[in-house]
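Every number for a ligand or one of its atoms is a count from 1 in the order of the listing. Because the structure is a prediction, the values reported are computed rather than measured. Hydrogens, waters and symmetry mates are skipped; everything else that's a heavy atom, side chains included, is used.
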Amino acid sequence: MAISRLRLGIIRSPEIRTVMGRSRRSHSTSQAFAEVLRLPKRQLTKLVFPLQELERHLHPDSRPDLHLRIFDPSLEDIERADGFFTSTAQHRIEYLSSAVRLDHAPNLSRPEVCFIGRSNVGKSSLIKALFSLAPEVEVRVSKKPGHTKKMNFYKVGKYFTLVDMPGYGYRAPEDFVDMVEAYLKDRRNLMRTFLLVDSVVGIQSTDNIAIEMCEEFALPYVMVLTKIDKSSKGHLLKQVLQIQKFVDMQTQGCFPQLFPVSAVTYSGIHLLRCFLANITGNLKIND
Ligand code: GDP
């Protein structure tokens with residue numbers, strides 16, 4: 001069945017921005033994780049395993065399965081994964097190129113992951129947070145209405161490429177939708193698609209279009225819940241349970257474990273880095 005692709009589109013927003021992904025939190029890997037490991041246990045859990053922290057607030061008699069332990073790395077694994085996101089002379093993390101069509105995309109043998117989501121879902125903030133250990137990386141942001149939307153490619157050393165797909169919304173120009181669809185359908189080195197959902201508002205109708213696309217092309221994909229610092233614990237828990245139920249009941253290709261993140265508090269960022277390093281075949285998790 002053809003997807004109603006025209007419903008994907010561009011939300012009108014005011015400006016074009018190309019920003020340096022500099023973060024006040026940038027620091028070396030060892031410093032970063034040494035700091036994390038010194039946190040009191042509750043704070044450490046909240047920062048590194050946000051889903052686990054949320055689970056504590058579920059009523060013990062009616063505890064639904066949040067699939068917490070499917071990807072359950074140790075703190076050592078997570079520390080090792082941070083190393084993949086730290087730029088050195090031998091391991092450069094950098095913006096590679098942009099493309100408006102799949103045949104303009106760099107021809108790469110490296111594994112690839114892509115990030116997709118509605119405009120304003122927090123995609124560029126998340127990518128900047130993931131790359132905060134490499135503050136020189138230039139994370140590109142294009143938001144001007146009517147301006148050509150591009151796929152932006154970032155190289156994580158020789159290990160993998162991260163692709164920032166254009167944000168979607170309403171009133172999509174046909175060529176924009178064609179680009180996203182062609183990429184998802186035909187990119188052979190695409191290992192995983194990360195579909196971003198705003199945890200404050202949950203799954204929206206436009207998100208459903210992207211979900212349908214992933215399902216139709218039988219892509220393995222993962223749901224990342226953004227902006228988790230914005231809601232009360234109760235509201236966040238409600239959204240997480242609703243989205244978890246949706247994933248369990250209505251998807252085939254979606255990874256059962258959700259990845260809640262905040263680009264403000266960095267909650268969930270270390271775990272997501274570890275998952276990225278793992279699914280691109282670069283980090284074996286010690287069981
Ligand atoms: P994009 O259009 O998907 O790239 O979204 P942006 O990264 O530009 O974020 C859209 C808005 O949400 C901006 O005002 C961000 O500051 C805000 N935002 C993004 N991530 C977070 C987050 O984790 N927490 C909070 N509180 N705000 C966020």
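Taking every non-hydrogen atom of Ser262 and a distance limit under 4.0 Å, the qualifying atoms of ligand 1 come out as 23 (O). Set against the non-hydrogen atoms of Val264, the atoms of ligand 1 under 4.0 Å away are 22 (C), 23 (O), 24 (N), 25 (C), 26 (N).
Checking Arg118, Glu212, Met223 one by one against Asp207, the side-chain contact (heavy atoms from CB on, under 4.5 Å) holds for a single residue, Arg118.
In Lys230, the part holding a heavy atom less than 4.0 Å from any atom of ligand 1 is the side chain.
Looking at ligand 1, you'll find an N or O of Ser124 within less than 3.5 Å of one of its N or O atoms. Not a single N or O atom of Val261, backbone or side chain, sits closer than 3.5 Å to an N or O atom of ligand 1. In terms of polar-atom proximity, Ile228 is not counted as a contact of ligand 1, lacking any N or O under 3.5 Å from an N or O of the ligand. Residue contacts with ligand 1: Asp229 is placed with a nitrogen or oxygen under 3.5 Å of a nitrogen or oxygen of the ligand (distance criterion only). Of the N or O atoms in Ala263, one or more lie within a sub-3.5 Å distance of an N or O in ligand 1.
Residue pairs meeting the ring-ring contact (aromatic ring centres under 6.0 Å, His included) criterion with at least one member in residues 226-255, sequence neighbours excluded: Phe255-Phe275.
Taking the six-membered ring where tryptophan is involved, the planes of Phe71 and Phe259 are tilted, since the angle between them lies from 30° to 60°. Aromatic ring orientation, His270 versus Phe33: perpendicular (interplanar angle above 60°, classes split at 30° and 60°).
Residues that satisfy the side-chain contact (heavy atoms from CB on, under 4.5 Å) test with Gln244, not counting sequence neighbours, are Leu66, His67, Asp248, Leu258.
Contact annotation: Thr226 has no heavy atom less than 4.0 Å from any atom of ligand 1.
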(message) Ser231 vs Gln239, test: side chain to side chain contact (heavy atoms under 4.5 Å, CB included). Steps then yes/no.
(response) CA-CA 10 Å; Ser231 301; Gln239 294 288 7; 5.9 Å; no
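To the nearest 0.5 Å, atoms OH (Tyr183) and CD (Glu112) are separated by 3.5 Å.
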